[in-house]
Amino acid sequence: MSLAPNQSAVAFPATDAEPIAVVGAGYVGLVTGACLAATGRSVTLIEIDRGRREMIAQGEPPIYEPGLSTMLRRVTDSGALRVSADLIAALESVRMVVLAVGTPPLPDGRADLRALDGVAAMIAEHAAPDTVVVIKSTVPPGTGRRLQRSLDRTANRLHVVNCPEFLREGCAIEDVSNADRFVVGGTDEAAMNRVIAALNPFATSVVRTSNTGAELVKYGSNAFLAMKISFINEIANLCDLVGANIDEVALGMGLDPRICVASMKAGLGYGGSCFPKDVAALEQAARREGLSFWLLRSATEVNEQQRIRFVQKICAAVGGQVEGRTVALLGLAFKPGTDDLRQAPSIAIANRLVELGAIVVAHDPVAMDAARSQIPDVEFAVDPYEAVTGADVVAVVTEWPEYKCLDWSAIASMVHCRIVVDGRNCIDPELLAEHGFDYHGMGRPSVLSLSGHRSVDGAAAVSPERVA
Ligand code: UDX
């Protein structure tokens with residue numbers, strides 16, 4: 001990656017273990033704290049929720065994240081990571097405090113900065129001179145500069161450095177430990193160097209910019225990825241209409257290094273705690289400056305439509321309506337590798353199917369407990385085979401690896417009708433056709449089995465309208 005003249009791709013060896021406080025034990029704070037503690041740094045994790053504190057203190061992560069349990073147990077047993085509720089006490093022993101508190105969306109889409117501002121006020125009052133305040137939370141452009149101005153009114157020379165996080169759920173430890181780039185934004189070079197030395201022991205490319213520049217790198221990255229996903233989903237929707245195969249089209253496009261194949265998987269669209277929130281917050285921020293960021297509004301609208309299209313495909317696949325039909329829903333988490341249901345397409349899809357009178361039986365390897373309160377009218381199965389038993393249609397919502405290698409020859413005699421609607425294009429259509437299934441994807445040509453549309457007991461099921 002070529003960097004601008006004032007940028008540097010440097011290797012920063014782990015410095016002496018300057019102790020660090022990390023505020024907020026969510027995905028970003030907990031993973032960042034654990035990874036830094038694993039390099040030998042002394043980390044105090046500040047968390048206001050007692051239940052989360054107690055779990056972390058016992059080496060048990062309050063979130064599902066591959067590899068985190070082992071790492072957390074190691075760093076809590078060694079004492080490198082300690083968890084506390086007392087930020088004021090921590091500020092006596094650290095000169096660097098990382099803010100990783102949540103900035104959830106307000107009803108109008110703006111980021112809720114109350115938690116961040118509350119912590120900043122405590123730091124302003126209790127931090128020692130020359131403490132560096134690192135903003136790792138995702139915040140609207142201008143937040144770091146505003147906090148710096150408010151801290152400048154104290155006598156303690158406190159420095160605000162933005163250092164956005166780019167980890168993905170499900171591979172958070174890998175993304176923190178092997179980040180593509182390390183972005184620091186601030187006004188004080190020495191403070192920025194301290195952040196690079198302390199938080200970047202993984203020696204990656206460093207981009208130096210202003211506070212606001214770092215904030216825009218974060219929002220711009222997430223918004224661009226979300227827009228890219230909505231774009232390939234629109235191409236997939238066109239593939240459905242003109243009979244092309246999105247797998248081939250996306251590959252043909254993605255081999256151009258300017259486009260690249262990453263984040264080009266068509267399907268149900270994006271969910272999670274970041275893309276939907278950050279796209280809305282960036283659009284709000286632009287609007288406050290008088291800029292109509294039309295592309296972001298379109299990305300959101302396309303994304304919301306994908307869930308509706310999927311339900312329409314399910315209805316069409318079973319002959320036009322799902323009332324009284326049994327739908328097996330495979331996957332609830334917003335993506336594989338996590339139990340996170342925030343903005344997960346599964347929730348809207350399951351509730352809509354129930355509204356339409358379907359009987360929905362769901363499975364997910366890890367997210368079912370979290371889902372029960374959000375989809376109360378849905379039944380839950382202990383495994384995917386129980387979920388599909390007697391189903392009129394199998395709807396794949398999350399591309400968990402275990403769904404890609406199910407025993408479809410066995411399933412063929414368990415379902416009531418052999419129909420699969422694949423929201424993540426993760427099942428092999430030819431494999432399904434071999435076992436007498438109809439297959440419908442998202443931008444993939446439908447494959448209708450030679451056995452037609454008969455239910456397993458031989459009675460002719462309602463013949464479907466052919467899905468476009
Ligand atoms: C995202 C950003 O990738 C990460 O850099 C940022 O720090 C947080 O937000 P995350 O939301 O955890 O990370 O997951 P990601 O793997 O990016 O997927 C986001 C959503 O897009 C998921 O719902 C996923 O299913 C969807 N997606 C992703 C697609 O629909 N197609 C793709 O090709 C990739």
Q. Heavy atoms, side chains only, cut-off 4.5 Å: are V279 and N222 in contact?
A. no
Q: Please confirm whether R372 makes a cation-pi placement over F380, using NZ or CZ under 6.0 Å from the six-membered ring centre and within 45° of the ring normal.
A: yes
Q: Say whether, by atom type as modelled, one donor and one acceptor occur between the side chain of K136 and the main chain of L99 under 3.5 angstrom.
A: no
**Q.** Pairs touching residues 216-232 that satisfy salt bridge (Lys or Arg N to Asp or Glu O under 4.0 Å), sequence neighbours left out
**A.** none
Q) Is any side-chain heavy atom of T204 closer than 4.5 Å to a side-chain heavy atom of N178? A) no
Q.
Could you tell me if the side chain of L113 sits less than 4.5 Å from the side chain of S137, heavy atoms only?
A. no
Q | Residue pairs, two or more places apart or on separate chains, that pass salt bridge (Lys or Arg N to Asp or Glu O under 4.0 Å) and touch residues 270-279 | A | none
Q. Do K265 and E399 touch side chain to side chain, with heavy atoms closer than 4.5 Å?
A. yes
(Q) Show the nearest heavy-atom pair for residues G59 and P61, with the distance to one decimal. (A) O-CD, 3.6 Å
Q.
Would you say that C315 contacts Q321 through its side chain, given a criterion of any heavy-atom pair below 4.5 Å between the two side chains?
A. no
Q. Are any of the side-chain heavy atoms of Y219 and P140 separated by less than 4.5 Å?
A. yes
(Q) For F231, is the CZ atom crowded, meaning more than 12 foreign heavy atoms sit under 6.0 Å from it? (A) no
Q) Under the side-chain hydrogen bond (donor to acceptor under 3.5 Å, both in side chains) rule, what pairs show up with a residue in residues 373-394, not counting sequence neighbours? A) D392-H416
Q) Where the side chain of S449 meets the backbone of A433, is there a donor-acceptor pair that is under 3.5 Å apart? A) no
Q. Would you say the side chain of I427 lies within less than 4.5 Å of the side chain of W408, judging by non-hydrogen atoms?
A. yes
Q. When you measure from the side chain of N425 to the backbone N and O of G441, does any donor-acceptor pair fall under 3.5 Å?
A. no
Q: Scan side-chain atoms only and decide if Q306 and N303 contain a donor-acceptor pair under the 3.5 Å cut-off.
A: no
Q | Basic-acidic side-chain contact under 4.0 Å: D117, R146 | A | yes
Q: Report, as yes or no, whether the 6.0 Å neighbourhood of atom CD1 on I48 holds more than 12 heavy atoms from other residues, nucleotides or ligands.
A: no
Q. Do the side-chain N and O atoms of H435 and S409 include a donor-acceptor pair separated by under 3.5 angstrom?
A. no
Q: Using the side-chain contact (heavy atoms from CB on, under 4.5 Å) rule, take N233 and I229 through it: C-alpha gap first, then chi angles, then the decisive distance, then the call.
A: CA-CA 6 Å; N233 280 335; I229 290 165; 3.7 Å; yes
Q. Roughly how far, to the nearest 0.5 Å, is CG of L81 from CE of M71?
A. 10.5 Å
Q) Are side-chain N/O atoms of R181 and S221 paired as donor and acceptor at under 3.5 Å? A) yes
Q. So among K313, R444, R309, which one has a salt bridge (charged side-chain N to carboxylate O under 4.0 Å, His left out) with D240?
A. K313
Q) Can you list the steps and then say if E301 with R297 is a salt bridge (charged side-chain N to carboxylate O under 4.0 Å, His left out)? A) CA-CA 6 Å; E301 285 171 11; R297 200 166 307 169; 5.7 Å; no
Q) Could E47 and R53 be called an ion pair, given the rule that one side-chain N must be under 4.0 Å from one carboxylate O? A) no
Q) Has R342 got its NZ or CZ under 6.0 Å from the middle of the six-membered ring of F334, at an angle within 45 degrees of the ring axis? A) no
(Q) Regarding R287 and E283, does a basic nitrogen lie under 4.0 Å from an acidic carboxylate oxygen? (A) yes
Q) Judged by modelled atom types alone, do S69 and R73 share a side-chain donor-acceptor pair under 3.5 Å? A) yes
Q: With the side chain counted from C-beta on, respond yes when V397 and L330 share a heavy-atom pair under 4.5 Å apart, and no when they do not.
A: no
